[in-house]
Amino acid sequence: MKTLGIIGGMGPMATAYLLELIIQMTAAKTDQEHLGAVVLNNPQVPDRTAFILDEANPSPLPVLEGMAHALENLGCGVLCAPCVTSHYFYQELAGCVKVPFLHMVEETAKELQAAGKRKAGILATTGTVRTGLFQGALEKQGLGWAVPSQHGQELIMSLIYEDIKAGRQPNMGKFQRASEELFDQGCDSVILGCTELSLVKKDTPLGHGYLDALEVLSKRCVQACGAPLKPEFEALIS
């Protein structure tokens with residue numbers, strides 16, 4: 001099996017949850033049947049959304065490239081970043097190393113297409129929404145998409161930054177109002193397109209139609225590193 005390299009710390013809890021998901025998804029009967037992983041948990045990476053919205057802010061790219069190089073030099077055969085917004089820099093990051101770098105946004109769109117979905121709502125940071133990362137990936141798979149209204153997007157940003165990143169209990173009213181906007185627009189699925197939202201799903205039942213991008217990344221990590229996947233994780237949409 002290949003060793004996985006994780007560019008982590010964006011945020012720290014989401015990084016820990018990725019590793020937990022990978023272990024849960026691996027069909028292993030002994031310690032030795034799990035894949036090896038090197039985690040660089042660096043919470044000091046400059047904020048991705050802040051830079052995307054205003055390039056006068058510090059760029060996270062030099063730090064991310066340094067982490068990618070370090071993981072490659074440590075012998076990692078597959079890299080990933082459990083932070084959706086960081087995929088704004090995917091081309092630069094994938095291009096600076098010689099090993100495969102998993103693209104969680106594109107893999108999420110492929111998962112929806114394989115499940116027969118037609119239109120996905122996008123819950124993500126404002127930075128991710130404005131870059132069109134998910135929109136482009138969904139269109140490449142022939143899928144439609146929708147995003148929340150300005151008010152709905154403000155609710156999601158408040159949930160991500162004022163609740164989860166701040167270590168507070170998530171206000172599920174914010175989540176439900178933004179989700180309802182998307183289903184009302186005819187979406188047959190909703191992407192949890194920020195790893196902080198993955199932590200909401202971890203602790204709270206959300207109902208049907210949600211796909212967690214972090215779960216998709218975890219599944220692809222298991223597969224790309226050559227570990228066996230538990231059958232119950234073949235389909236990930238709730």
Side-chain angles (χ1 to χ4, degrees), residues 10-11 13-14 17-18 21 47-50 52-53 82-85 87-88 104-219 233 235-238:
M10 306 174 286
M13 191 63 75
Y17 186 38
L18 172 70
L21 283 170
D47 189 270
R48 284 65 59 200
T49 294
I52 291 168
L53 298 181
C83 167
V84 173
T85 313
H87 285 68
Y88 176 75
M104 69 187 299
V105 177
E106 292 189 356
E107 296 299 335
T108 299
K110 291 176 184 177
E111 191 83 10
L112 287 165
Q113 195 275 337
K117 299 301 181 181
R118 293 183 296 178
K119 183 177 180 179
I122 302 166
L123 294 180
T125 64
T126 301
T128 295
V129 172
R130 290 193 183 177
T131 61
L133 284 169
F134 276 110
Q135 295 92 316
L138 290 166
E139 289 173 2
K140 189 185 297 185
Q141 297 300 320
L143 303 177
W145 54 268
V147 296
S149 67
Q150 181 177 342
H151 176 62
Q153 186 61 37
E154 289 170 355
L155 290 174
I156 289 300
M157 285 295 282
S158 175
L159 180 69
I160 292 169
Y161 280 88
E162 296 173 15
D163 295 352
I164 303 165
K165 282 186 179 291
R168 301 187 179 98
Q169 285 296 314
N171 181 327
M172 291 307 296
K174 300 174 186 175
F175 181 88
Q176 292 299 335
R177 289 195 291 277
S179 293
E180 287 167 6
E181 284 189 6
L182 298 175
F183 286 119
D184 287 345
Q185 293 184 62
C187 295
D188 57 12
S189 53
V190 170
I191 298 168
L192 302 182
C194 174
T195 49
E196 270 64 44
L197 298 179
S198 305
L199 299 173
V200 174
K201 183 176 183 293
K202 177 185 179 183
D203 297 327
T204 306
L206 300 181
H208 296 293
Y210 291 93
L211 179 62
D212 178 5
L214 190 64
E215 289 184 4
V216 175
L217 179 62
S218 303
K219 175 181 174 180
F233 294 106
L236 296 176
I237 300 176
S238 65

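Computation of the quantities below employed the complete heavy-atom set of this structure, encompassing side-chain atoms and omitting hydrogens, waters and symmetry-equivalent molecules. The residues of the chain are indexed from 1 along the displayed sequence.
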*asked:* Can a donor-acceptor pair be found, under 3.5 Å and without considering hydrogens, that links the side chain of Q135 to the backbone of V129?
replied: yes
* Where the side chain of Q153 meets the backbone of A124, is there a donor-acceptor pair that is under 3.5 Å apart? -> yes
Those residues that, when tested against [X], pass side-chain contact (heavy atoms from CB on, under 4.5 Å) (two or more places apart):
X    : result
A114 : none
H208 : none
T131 : I52, Y88, L133

Value for CG (L211) from OG (S238), rounded to nearest 0.5 Å, stands at 8.0 Å
T49 meets the side-chain hydrogen bond (donor to acceptor under 3.5 Å, both in side chains) criterion, sequence neighbours left out, with T125
By side-chain hydrogen bond (donor to acceptor under 3.5 Å, both in side chains), Q185 pairs with (sequence neighbours left out) none
E111/K117 ion pair, N-O < 4.0 Å: no
For F183 and Y210, take the angle between the two ring planes, folded into 0 to 90°, and tell me which bin it lands in: parallel under 30, tilted 30 to 60, perpendicular over 60. perpendicular
Note: L182 and I122 closest approach over all heavy atoms is CD1-N, 3.7 Å
In short, salt bridge (Lys or Arg N to Asp or Glu O under 4.0 Å) pairs touching residues 167-187 with sequence neighbours left out are D163-K174
Answer yes if the side chains of D212 and Y17 hold a donor-acceptor pair under 3.5 Å, and no otherwise. no
